[in-house]
Amino acid sequence: MTVAERTYLDERTEAFVGEVLATIDAHVPIVEAFLLGSGAAGGFDPKTSDLDLVVVVGRALGVERAALVERLRELDPPGRGLELVLYAEGQEPPDYELNLNEGEERTSEEPFWFVLDAAIAQEHAVPMWGSRSWNDFFTAISPERTRQAMQESLEWAQARSPDNEFARGHVVRARHYLDRGEWLTKKEAQA
């Protein structure tokens, strides 16, 4: 395992990434792992940011699933928590093997979130296990597919309660992307 040279993570969070990856690799062999979000693109705040990881594993989890999920729940994440998506090698977003968000397995998340994550990752993902790039594992998300997913996410966010802070911020980010074709960070959306 190699740790990436360029991340925006603090030392404690870097160590936590190592724990997460070692835990996964003890259950199923890791092929590559990627840091996404503010930890990869900038703006990571260990007090308020979540940790976004995508891990490509050599095979489906099978009977290891329950034990791996339980072990990952036992880890003490810094910041807001861990957002972890596992793909068995050959799977493409949004068809994941495991989606774990703040210790909870989420099997019914909207597919557009995984498409958007992949679209951002193809530009900003930082390898955390070896040195292979995102595009070695995943088919590029086209601009048309990204726009479609962003439109779906905008409609999702607009259907949420007006006091939903995440949804309000996402409306700003989605509109910005749809109008300008540029990604906007959560921090920039708050400005």
Task: ring-ring contact (aromatic ring centres under 6.0 Å, His included) assessment of Y96 paired with F114 - done: CA-CA 9 Å; Y96 55 83; F114 303 95; 4.6 Å; yes
TODO: Step by step, work out the side chain to side chain contact (heavy atoms under 4.5 Å, CB included) result for R80 and E102.
DONE: CA-CA 8 Å; R80 280 189 31 209; E102 297 181 15; 4.3 Å; yes
- [ ] Starting at CG of L100, measure out to CD of E83 and round the result to the nearest 0.5 Å.
- [x] 10.0 Å
- [ ] Could you grab the distance from atom CD of E74 to atom OG1 of T23, nearest 0.5 Å is fine?
- [x] 9.0 Å
Side-chain donor-acceptor pairs under 3.5 Å in residues 47-56, sequence neighbours left out?
from	atom 1	to	atom 2	distance (Å)
T48	OG1	D45	OD2	3.3
S49	OG	D45	N	2.8
S49	OG	D45	O	3.2

Open item on the list: Is it true that S161 and N164 share a donor-acceptor pair across their side chains at a distance under 3.5 Å?
Closed with: no
Task: Partner set under side chain to side chain donor-acceptor pair (under 3.5 Å) for Q158, not counting sequence neighbours - done: none
Open item on the list: Evaluate T13 against D10 for side chain to side chain contact (heavy atoms under 4.5 Å, CB included), listing each step before the verdict.
Closed with: CA-CA 5 Å; T13 307; D10 62 293; 2.5 Å; yes
Open item on the list: Tell me every residue that passes ring pair (Phe, Tyr, Trp, His ring centres under 6.0 Å) with F44, counting only those two or more places apart in sequence or in another chain.
Closed with: none
Open item on the list: Name the residue from F112, Y177, W113 that meets the ring-ring contact (aromatic ring centres under 6.0 Å, His included) definition with H170.
Closed with: W113
TODO: Kindly indicate, with the supporting measurements, whether the criterion side chain to side chain contact (heavy atoms under 4.5 Å, CB included) is fulfilled by V57 and E89.
DONE: CA-CA 6 Å; V57 294; E89 193 169 17; over 6 Å; no
Output side-chain donor-acceptor pairs under 3.5 Å for residues 26-43, partner residues at least two apart or in another chain, one line each.
from	atom 1	to	atom 2	distance (Å)
H27	ND1	E64	OE1	2.8
E32	OE1	G130	N	3.4
E32	OE1	S131	N	3.2
E32	OE1	R132	N	3.0
E32	OE2	W129	N	3.0
E32	OE2	G130	N	2.8

Open item on the list: Please evaluate residues F138 and Q122 with respect to the criterion side chain to side chain contact (heavy atoms under 4.5 Å, CB included), reporting the C-alpha separation (whole Å), side-chain torsions for both, the decisive distance (0.1 Å), and the verdict.
Closed with: CA-CA 8 Å; F138 302 106; Q122 63 196 19; over 6 Å; no
Between [X] and [Y], is any pair of side-chain heavy atoms under 4.5 Å apart?
| X | Y | value |
| --- | --- | --- |
| Y87 | V85 | yes |
| R71 | L75 | yes |
| N99 | T107 | no |
| W183 | T146 | yes |
| T7 | V17 | no |

Task: Cationic N near anionic O, under 4.0 Å, R147 to E144 - done: no
TODO: Sort and list the pairs that fulfil salt bridge (Lys or Arg N to Asp or Glu O under 4.0 Å) and have at least one residue in residues 92-101, not counting sequence neighbours.
DONE: R65-E97
TODO: May I have all residue pairs that pass salt bridge (Lys or Arg N to Asp or Glu O under 4.0 Å) and include part of residues 158-182, sequence neighbours excluded?
DONE: none
Task: Heavy-atom donor-acceptor pair, E123 side chain to I120 backbone, under 3.5 Å - done: no
Open item on the list: Please find the pair of heavy atoms, one from L154 and one from A174, that lie closest to each other, and give the distance.
Closed with: CB-CB, 3.9 Å
- [ ] Over all heavy atoms of both residues, which pair between P93 and R145 is shortest? Give the atoms and the distance, please.
- [x] O-NH2, 3.3 Å
